[in-house]
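Labels below follow one simple rule: chain letters A, B, ... track the order of the sequence lines, proteins then strands, and each chain is numbered from 1. Scope of the values below: all heavy atoms of this structure, side chains included, with no hydrogens, waters or symmetry mates.
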Amino acid sequence: MFIYPSGSKLHIGHWYNYGPTDSWARFKKLQGYNVFEPMGYDAFGLPAENYAIKTGVHPQDSTLENIKDIREQLKQMGCMYDWDAELMTCVPEYYKWNQWLFLQLYKKGLAYRKNAPVNWCPSCNTVLANEQVQQDGTCERCSTEVERKNLTQWFFKITEYADELLSGLNKIDWPEKTKSMQTNWIGKSTGTEVDFEVEAIDEKVSVFTTRPDTLFGVTYMVLAPEHELVNKITSDERKEEVEKYIKSIQSLSDIERTSTVKEKTGVPTGAYAVNPINGERIPIWVADYVLASYGTGCVMAVPGHDERDFEFAKTFDLPIKKVILEPGTEEKEKLESAYTGTGMMIYSGKYTGRNSIDGKKQITDELEREELGRAKVDYKLRDWLISRQRYWGTPIPVVYCDNCGEVPVLEDQLPIELPYDVEFKPDGGSPLAKNEEFVNAKCPKCGGAAKRDVDTMDTFVDSSWYYLRFLNPKFTDGMFDTELAKNWEPVDMYVGGAEHSTMHLLYARFVHKFLRDIGLVETDEPFAKLRHQGTITNNGAKMSKSKGNVVNPNSFIEEYGSDVFRMYLMFMGPYDLGGDWSDKGIVGVDRFVQKVYQLMTERENFAKDHPSKEKYDVTELNELEKSVYQKVNQSINKYTEEVEHLRFNTAVAVLMELSNELSKSLKGCSEDLQTYALERMTVMIAPLAPHFGEECWELIGNEKLIFDEAVWFEPDRQHW
RNA sequence: GCCGGGGUGGCGGAAUUGGUAGACGCACAGGACUUAAAAUCCUGUGGGAACUUGUUCCCGUGCCGGUUCGAGUCCGGCCCUCGGUACCA
């Protein structure tokens, strides 16, 4: 994953992501693969803008300055990045293609506008990111209570790909936990949509349920407070109470609202609905535990067989009906808690006595026949909201014309450039809204006066296709070079933090599939193999500038060099777990390197003076030579296995064991066998410590660079 | 709350498939070298007990329970902790 340049310094986390990854790439290079290892900058985003609000430094200036510093530090790490392929997302040459992508999605009906709430701080007069809202629901800058405000915003229709995003997981070599998180995030559930007639307004309201077999147990219905029908159906005498309730839950987050430990709240609307299966009249309530964003924003409540409904019914003394019998009991009335399993249906009209598993299908069939419902698949996944009321991002290529309404910009007018002169101090709207020159445009359709969209895109748009742009960042004839892409896609190895599991990694898969559907890529998935690096913490806490607990790698690099520092990070523990930072053990890695260096300097030019054989027959070696020979080959075998699977900690341990053995025994071996051992040792050290590897390679008498030669030795497994 | 990880000596960790728990390293202790120190090298090092002093026994992988000839590993129930939770990226 490319780097996010939020500050000017690389911290240990960056080293932990990029050092070991480069070691893996170098290992592949030595093995003879054609390795393309690029680096770029995810340069748009909120922190640069907040920094600008605080200090007055323009986001573009601070970002470009940071990138300059970061580039120099990346070079210190000794990664074999292809610097010709470097890219950054904040330049028109790049973000032009975000806009182009937007237009393609729009053309296919996959970009659309609808209302969605944002966090609004009435005191700062601005939209806040979730991160800027404190736990108690107040603004991090001024501690004012944050409100929710509805704005018309752009969405990408990722839900159109929900099924394929799910099934595609079977085709890729990703960590099981990541696939499992995406699966749960997409949240596919098969169920039934049931229509309930609402009395008084002569309108139907649909609910989605995975348990149509419990339909006879419905005793009330709940609308999300945001549901559009709430206003319509609420009776006059209830109006005041309902409005008061809706206001009272406005500042709660979805997490708080749906918490099962929080006491249930809600109010009756005074309206009633009719259960289509038995004609029963049930009250309609409004409660915050139902979210407008999932399903239809409305649930049929079955307190006997749903835990949340049970809690709610207990709290408000609503009837609880038992309609499924737990296997192994005859008790048809009492329920200590909601029973959510299957069993025999009871008190269910003609379905009484049937198995609830069959009942599910039969009730759905009946509803379909009567046109009162239908089988339906539902997803938790929501469409991707990409509008941001901010400056530092890609302008959305749409204008609004009095005559023609919403009109996309013509492709040949791209890029819509982000103007430099803008006031980002918050005052109510998107910063771009105040730049007249930017806002006023011509309607592409009628040529009349029009206003540009003043929002910018979510930066996850930038990062959802950059891996394709790497192939040739200077390409001008399209989003990326499709000919090159044919040869290089998908990415063979993608490494980044697990925190991206459900957002970036899902968005990128979605965009890749879309690009396939418009004929730009040929594969179904962007990243064939994915691995996560863990987080390095400091005293158990995530390092961050705001906490002031960032460990600066510089002092260690000065004292031990980048190779030792990088190798120590690899030696610390399993790569995917990360761990708490401690400099306690770095001397051990340093000692190891000194020990190897000693071995090499004692045998300068051995490769020239005593060339090694390719293979040895152990029957012709003495006992000591035989054990050295075996140790060397066992080490190559183990090392290969470990590095291949990113188990760098044990790979380093293999090399330490080998160096201990060689320090003890090498003196007693024939000179050519000594060369044999040192060559192989060097080849294994080089990917982990590239500078030191080259030094050793030269010391023992080689002329060319080891990585230019791409030397690798397969182990001799014959004589174990 | 929900989803997904993690928890093993004084410390970082190893044990790849249910089969000798503690590889490798840090720290510590003793020794060699040295006038001395540093560096380096060698030896020891999970806890406890016994004695015939180099061997035996007991305990031990977050907690409680289970499966198995055998569990760090599998199953059930907890505790703690970390990541995500749709506008940090």
Side-chain angles (χ1 to χ4, degrees), chain A residues 1-6 42-50 116-119 127-133 153 158 175-187 253-262 289 293 307-308 380-390 393 455-460 462-463 496-507 532 534-535 537 540-542 544 546 568 571-574 576-592 594-595 598 638 641-642 645 647 649-660 663-664:
Chain A
M1 292 182 189
F2 63 173
I3 195 166
Y4 184 73
S6 67
D42 187 11
F44 274 141
L46 181 69
E49 192 158 337
N50 282 343
V118 293
N119 303 309
V127 173
L128 297 179
N130 289 341
E131 197 188 41
Q132 297 174 288
V133 181
Q153 308 187 70
I158 189 173
E176 280 309 317
K177 65 163 182 170
T178 313
K179 295 204 248 180
S180 154
M181 272 191 273
Q182 288 209 350
T183 301
N184 293 330
W185 184 265
I186 294 166
S253 68
D254 289 359
I255 294 172
E256 290 167 314
R257 282 173 51 173
T258 52
S259 165
T260 51
V261 292
K262 171 182 160 284
Y289 78 97
S293 52
E307 279 159 24
R308 288 160 312 166
K380 280 210 186 76
L381 182 66
R382 313 206 290 258
D383 280 335
W384 176 10
L385 194 168
I386 60 135
S387 292
R388 297 290 180 273
Q389 296 69 39
R390 285 194 254 281
D455 287 352
T456 53
M457 292 184 206
D458 179 7
T459 52
F460 277 129
D462 315 0
S463 57
E499 67 272 18
H500 293 294
S501 292
T502 50
M503 302 189 72
H504 160 59
L505 286 167
L506 198 62
Y507 295 140
H532 297 301
T535 318
T537 53
K542 202 174 171 182
S544 75
S546 53
Y568 175 57
F571 186 56
M572 270 176 56
D576 58 341
L577 290 186
D580 204 43
W581 170 253
S582 157
D583 57 10
K584 283 281 178 346
I586 194 166
V587 290
V589 176
D590 189 51
R591 280 174 201 153
F592 157 71
Q594 299 304 335
K595 192 183 277 186
Q598 181 81 21
K638 183 99 197 290
E641 195 65 18
E642 303 300 65
H645 294 101
R647 292 191 290 256
N649 53 334
T650 44
V652 173
V654 166
L655 295 184
M656 286 174 167
E657 278 188 65
L658 179 62
S659 75
N660 288 341
S663 299
K664 238 182 278 171

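In this structure, the nucleotide among rA89(B), rA27(B), rA15(B) sitting nearest to the side chain of Thr650(A) is rA15(B). Taking every side-chain heavy atom of Met181(A) into account, rC3(B) is the closest of rC87(B), rU16(B), rC3(B). For Lys177(A), the listed nucleotide lying nearest its side chain is rG4(B); candidates were rG4(B), rG1(B), rU16(B). The side chain of His500(A) lies closest to rA89(B) when the candidates are rA89(B), rG4(B), rG1(B). The side chain of Arg647(A) sits closest to rU16(B) out of rA86(B), rU16(B), rC87(B). When the nucleotides rG4(B), rA23(B), rA89(B) are ranked by their closest atom to the side chain of Asn184(A), rG4(B) comes out on top.
The residue among Glu641(A) and Val118(A) whose nearest nucleotide of RNA chain B is located toward the 5' end is Glu641(A). Comparing Glu657(A) and Ala498(A), the nucleotide of RNA chain B nearest to each residue sits closer to the 5' end for Glu657(A).
Straight-line distance from the NZ atom of Lys664(A) to the C1' atom of rU40(B): 16 Å, rounded to whole Å. Residue Arg390(A) contributes atom CZ, which lies 5 Å from atom C1' of rC87(B) at whole-angstrom precision. rU85(B) atom P lies 16 Å from atom NZ of Lys380(A), rounded to whole Å. Taking atom OH on Tyr568(A) and atom P on rG25(B), their separation rounds to 14 Å, with Å as the unit. What separates CD of Glu256(A) from P of rA86(B) is a distance of 12 Å, to the nearest Å. Summarising the geometry, the separation between CG on Leu128(A) and P on rC87(B) is reported as 14 Å, rounded to the nearest angstrom. Rounded to a whole Å, the CD1 atom of Ile586(A) is 12 Å from the P atom of rC26(B). Taking atom CG on Leu658(A) and atom C1' on rA23(B), their separation rounds to 15 Å, with Å as the unit.
Shortest non-hydrogen contact noted between Tyr4(A) and Asp42(A) is CD1-O, 3.0 Å. Closest approach of Gly496(A) to Met1(A), counting heavy atoms only: CA-SD, 3.5 Å.
Between the C1' atoms of rC24(B) and rU8(B), the separation comes to 16 Å (whole Å). Taking atom C1' on both rC26(B) and rC2(B), the two are 40 Å apart, rounded to the nearest angstrom. The separation of rA29(B) from rG10(B), taken at their C1' atoms, amounts to 13 Å, rounded to a whole angstrom. One C1' atom belongs to rG9(B), the other to rA27(B), and the distance between them is 12 Å to the nearest Å. Between the C1' atoms of rA50(B) and rA37(B), the separation comes to 43 Å (whole Å). Across the P atoms, rU53(B) and rU61(B) are found 33 Å apart, a figure rounded to whole Å. Spacing between rA38(B) and rC28(B) at atom P, rounded to whole Å, works out to 11 Å. One C1' atom belongs to rG18(B), the other to rG70(B), and the distance between them is 8 Å to the nearest Å.
Residue Thr459(A) places at least one side-chain N or O under 4.0 Å from the OP1 or OP2 atom of rA89(B). The phosphate of rA27(B) has OP1 or OP2 within less than 4.0 Å of a side-chain N or O from Arg591(A). Regarding contacts with the backbone of rC24(B), every side-chain N or O of Asn649(A) stays at 4.0 angstrom or more from both OP1 and OP2. In this structure, Arg382(A) does not reach the rA86(B) phosphate: none of its side-chain N or O atoms is under 4.0 Å from OP1 or OP2.
With sequence neighbours excluded, the residues forming a side chain to side chain donor-acceptor pair (under 3.5 Å) with Gln153(A) are Gln389(A), listed by chain and number. With sequence neighbours excluded, the residues forming a salt bridge (Lys or Arg N to Asp or Glu O under 4.0 Å) with Asp458(A) are Arg388(A), listed by chain and number.
For a distance-only test at 3.5 Å, the side chain of Gln132(A) fails to qualify as a donor-acceptor partner of the base of rC87(B). No N or O donor and acceptor, one from the side chain of Glu499(A) and one from the base of rC88(B), sit under 3.5 Å apart.
Contacts of Met656(A) with the nucleic acid, taken as non-hydrogen atoms under 4.0 Å apart, involve only primed sugar atoms and P, OP1 or OP2. Counting non-hydrogen atoms under 4.0 angstrom, Asp254(A) reaches nothing in the nucleic acid. Using a 4.0 Å heavy-atom distance criterion, Trp384(A) is classed as making no nucleic acid contact. At a threshold of 4.0 angstrom between heavy atoms, the contacts of Ser582(A) with the nucleic acid are absent. The residue Gln389(A) sits close to a base: some heavy atom pair falls under 4.0 Å. If you check every strand for non-hydrogen atoms under 4.0 Å, Leu46(A) touches sugar and phosphate atoms only. When heavy atoms are screened at a 4.0 angstrom cut-off, Glu49(A) is found touching no nucleic acid atom at all. At the heavy-atom level, Ser387(A) lies under 4.0 Å from base atoms of the strands shown. At a threshold of 4.0 angstrom between heavy atoms, the contacts of Tyr4(A) are confined to the sugar-phosphate backbone, with no base atom among them. Nucleic acid contact class of Phe592(A) (heavy atoms, under 4.0 Å, all strands): none. Contacts of Ser501(A) with the nucleic acid, taken as non-hydrogen atoms under 4.0 Å apart, are absent. Counting any heavy atom pair closer than 4.0 Å across all strands shown, Leu655(A) reaches no nucleic acid atom.
Of the possible donor and acceptor atoms, one in the side chain of Gln182(A) sits under 3.5 Å from a partner among the backbone N and O of Ser501(A).
Summarising the geometry, atom CG belonging to Leu506(A) is positioned 8.5 Å from atom CH2 belonging to Trp185(A); distances are rounded to the nearest 0.5 Å. We find the NE2-CG distance between His532(A) and Leu505(A) to be 6.5 Å, quoted to the nearest 0.5 Å. Atom OH of Tyr289(A) is separated from atom OG of Ser259(A) by 14.0 Å, given to the nearest 0.5 angstrom.
In summary, the side chains of Asp580(A) and Thr537(A) do present a donor paired with an acceptor at a separation below 3.5 Å, with no hydrogens or angles considered. Between the side chains of Asn184(A) and Lys380(A), no donor N or O sits under 3.5 Å from an acceptor N or O.
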> If pairs are Watson-Crick or G-U with both distances under 3.5 Å, what is the dot-bracket string of RNA chain B, marking crossing pairs with [ ] and pairs to another strand with |?
Replying inline: (((((((..(((......[....))).(((((.......))))).((((((..))))))..(((((..]....))))))))))))....
> Do Glu176(A) and Lys179(A) pass the salt bridge (charged side-chain N to carboxylate O under 4.0 Å, His left out) test, and can you show the C-alpha distance, the side-chain angles, and the key distance before you say yes or no?
Replying inline: CA-CA 5 Å; Glu176(A) 280 309 317; Lys179(A) 295 204 248 180; 3.8 Å; yes
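An anti orientation is assigned to rG31(B), its glycosidic angle lying beyond 90° of 0.
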